[in-house]
Amino acid sequence: MPRAYKGEFDIRFIPHWGKAFPLKGDWEFHWASLYSPEKGYPSTGEYFPVPGIWREYSPQFTKQGHGTYRLFIRTSPEQSSLGILVPRLPGVYSVYLNKKLIFANGINGTDRNGTEFLAHPSSQIYPVESGTNSELVVNVSNYKGNFLKGGIRNEFILGDLDTVRNKIKLENIYETALITIIFAVGLYHLIFFASYRKDTTPLFFAFFCFLVSFYTFVTSGLQYFLTPELSLDLRIRLEYFCEVMLVPSVYLILRIMYPKQFSHKWLAILMSSMSVFLLSIFVLDEENLIYVYSFFMHVPPFYSLALMIPLGFAWKANETRARTVFLSGIILAVSMMNDVIYGISEFYFLIPYSFPIALVGFIAFNSYIISLRFTQDLEKAEEFVELQSKYNEQLRLNAEEKSKYAALVDQSLDKGFHSLMNQLEAKDGSDKSLGKLKNELSQTLTGVRDILDLMHHQGGKEELVELEMKRFIQRTPNFAHSEIHSVSQFLRIDQCLQMQRIFKDAIRIGSAREGESKIFWGKEGDAILLRIFMSGPSQSKEDIPEQLEADLKNRAEKLGARFFLLSESSKFEFELRIPPIPV
């Protein structure tokens with residue numbers, strides 16, 4: 001892997017396609033100076049490692065300040081489609097490539113008043129000309145935001161444009177998935193609590209998950225994309241708030257799970273002392289808040305140790321699953337130490353960003369334990385079985401009542417509608433308005449009967465459609481080669497009833513025939529298709545009611561479907577196509 005040496009990064013003799021190179025190494029650095037294309041870069045001959053923070057370069061470099069970095073990138077003419085990825089850095093910074101400003105999140109100043117944050121650009125990747133000695137210059141002013149990390153802490157990356165773009169996409173996918181999964185676990189436990197309020201552990205665990213999900217968002221690259229204009233001051237306050245609240249939220253969960261070990265007064269007083277740090281988030285100005293935050297970075301390991309001691313006693317007392325919680329807590333504490341040490345001294349003794357990974361593991365372990373607690377509580381609750389029995393009995397009574405009232409409504413409608421229809425039949429048949437009224441009453445009666453049939457129906461969608469077709473095929477041998485697929489799941493229950501009626505009407509219109517016949521019911525592309533084919537002369541001598549085709553058309557319109565009907569003396573064809581059902 002190539003490295004920058006004395007302000008130069010050379011990849012002229014290295015194939016770049018499919019590769020990405022971090023621009024690590026020695027960059028030229030000019031303290032207390034800001035670059036501009038007009039005045040150029042005053043060479044200093046001083047080189048310092050990047051990534052790095054300038055407070056570690058030299059004692060004369062203060063925590064708050066401004067400076068300029070420069071690096072020459074040497075490429076060959078054959079190395080086309082190169083791109084450079086600009087990372088997110090603490091403070092306000094601007095990036096120049098060959099004297100052209102390509103990235104800036106604000107205005108660099110030489111003091112706090114002259115430095116202004118504007119917004120983080122959404123684009124981070126910029127093309128690099130091949131075959132040239134490109135000059136990369138970075139101005140950094142850390143008078144705003146976290147001034148403890150002045151410098152270039154994260155890596156600039158050079159490489160194939162597609163590779164660099166894919167790197168950004170993968171990071172966004174990973175962060176989005178992590179945030180979403182943790183939030184979903186929290187929502188699951190919140191619903192857990194809402195349905196079973198005897199145990200408040202799921203409530204506090206849901207709060208912990210929401211906190212971790214928000215903390216993951218605040219510390220991710222997604223926040224720059226979704227909230228580019230959020231001030232640096234507010235960003236550090238949000239991150240600090242999440243970190244302050246992590247330990248107390250874990251304490252509240254453990255206090256409910258193991259009340260004997262975690263109800264001691266000294267532990268409650270210790271945890272309440274975190275309110276001092278919480279209060280500082282809201283009352284201190286940005287500069288003083290950073291100093292308090294730098295002190296707070298040393299505190300979490302001691303608080304974590306205070307939680308592990310009673311948890312160890314819970315394990316010793318053979319409390320339920322205390323050992324599993326203790327071991328997951330140890331992993332979480334060690335990973336937190338890794339991130340804390342990096343925050344203080346820029347050194348990882350484990351893999352980078354191990355704390356978020358350990359948080360996910362801690363959430364998974366404890367989610368499983370809380371689920372077990374809930375399951376055991378249900379198994380032990382005798383009243384639950386009794387309530388379930390009463391509930392089932394009430395369902396049965398409700399079903400009987402529903403069936404009884406549906407029958408009464410059916411009888412009343414049958415008498416009332418038929419009486420009205422008979423009166424209309426007795427009127428002058430040449431009156432078109434009466435004929436229209438008769439047709440509308442007939443459709444209304446059909447719709448009401450459909451509702452009543454659904455009230456009587458006790459099964460699912462498949463019983464209305466697929467089983468109805470299969471019963472018909474069993475009764476009619478010449479339909480033996482039919483294809484019936486289970487697609488009623490893509491329809492609503494009322495649409496399934498319409499399909500059942502359409503199927504019966506089409507069969508009745510086609511009449512019984514002696515020739516080979518076939519039914520197809522399934523999906524064709526995104527649409528749902530019903531196709532009926534019959535061959536041979538019709539055996540039925542009964543007159544088909546004229547209203548039958550009108551009813552079939554009306555039901556097809558309710559489905560938003562199109563149909564084709566051909567009824568001849570030697571064959572019958574019917575096809576109904578239901579468009580894709582919107583999700």
Side-chain angles (χ1 to χ4, degrees), residues 1-2 4 9 11 14-24 50-51 71 73 75 79-90 93-97 100-106 118-130 134 136 138 152-187 209 212-230 232 235 238-239 242 335 339 342 348 351-361 363-364 583:
M1 185 70 69
F9 190 86
I11 61 165
I14 301 175
H16 76 277
W17 288 278
K19 294 182 180 180
F21 307 101
L23 299 179
K24 291 182 177 181
V50 172
L71 179 71
I73 301 172
T75 61
Q79 292 173 321
S80 59
S81 300
L82 283 171
I84 188 167
L85 170 64
V86 179
R88 308 293 185 183
L89 303 177
Y93 58 106
S94 54
V95 181
Y96 293 84
L97 184 61
K100 179 182 178 182
L101 180 66
I102 62 172
F103 185 101
N105 68 342
L118 298 176
H120 284 281
S122 58
S123 177
Q124 293 177 253
I125 303 172
Y126 304 91
V128 176
E129 294 183 15
S130 60
S134 300
L136 179 67
V138 183
I152 299 180
R153 194 187 186 199
N154 301 319
E155 298 172 348
F156 282 74
I157 294 177
L158 174 72
D160 181 64
L161 268 173
D162 290 336
T163 302
V164 178
R165 290 192 185 108
N166 289 336
K167 176 181 174 60
I168 292 292
K169 289 179 182 177
L170 287 175
E171 287 179 356
N172 290 337
I173 292 172
Y174 165 75
E175 290 173 347
T176 303
L178 189 62
I179 294 167
T180 305
I181 290 171
I182 297 174
F183 183 84
V185 173
L187 190 62
C209 291
V212 173
S213 179
F214 185 65
Y215 176 67
T216 307
F217 170 74
V218 169
T219 56
S220 70
L222 286 176
Q223 54 136 336
Y224 297 106
F225 176 75
L226 297 176
T227 57
E229 297 180 359
L230 191 67
L232 299 176
R235 289 182 197 276
L238 291 175
E239 181 180 348
C242 293
S335 64
D339 276 24
Y342 178 71
Y348 280 124
I351 61 172
Y353 305 107
S354 58
F355 186 48
I357 299 173
L359 274 173
V360 174
I363 287 173
V583 179

Considering all heavy atoms, the nearest [X]-[Y] contact:
X	Y	answer
D160	G18	CB-N, 3.6 Å
F103	P121	CZ-CD, 3.6 Å
L89	R153	CD2-N, 4.0 Å
I157	A20	CG2-CB, 3.7 Å
S213	I182	N-CG2, 3.8 Å
R88	N154	O-ND2, 2.5 Å

Would you call [X] and [Y] a side-chain contact if the rule is heavy atoms closer than 4.5 Å?
X	Y	result
V128	Q79	no
L23	L136	yes
L101	S94	yes
F21	I14	yes

### Query
How are the rings of Y224 and H120 set to each other: parallel, tilted or perpendicular (split at 30° and 60°)?
perpendicular
About how many Å separate [atom2] of [Y] and [atom1] of [X], when rounded to the nearest 0.5 Å?
X	Y	atom1	atom2	value
L97	I102	CG	CD1	5.0 Å
I73	I84	CD1	CD1	4.0 Å
L222	T176	CG	OG1	4.0 Å
I173	L178	CD1	CG	13.5 Å
E239	F217	CD	CZ	12.5 Å
L85	I168	CG	CD1	4.5 Å

### Message
Is it true that, when you exclude E171 itself, more than 12 heavy atoms of the residues, nucleotides or ligands shown sit nearer than 6.0 Å to its CD?
### Response
yes
### Query
Around Y126, counting heavy atoms of other residues, nucleotides and ligands shown, do more than 12 lie under 6.0 Å from its OH?
yes
### Query
Backbone N or O of T219 within a donor-acceptor pair of the E175 side chain at under 3.5 Å?
no
### Message
Check whether Q223 reaches the backbone of V218 with its side chain - one donor and one acceptor, N or O, closer than 3.5 Å.
### Response
yes
### Query
Who are the ring-ring contact (aromatic ring centres under 6.0 Å, His included) partners of Y96, not counting sequence neighbours?
Y35
### Task
Run the numbers on V50 and L71 for side chain to side chain contact (heavy atoms under 4.5 Å, CB included), then give the verdict.
CA-CA 10 Å; V50 172; L71 179 71; over 6 Å; no
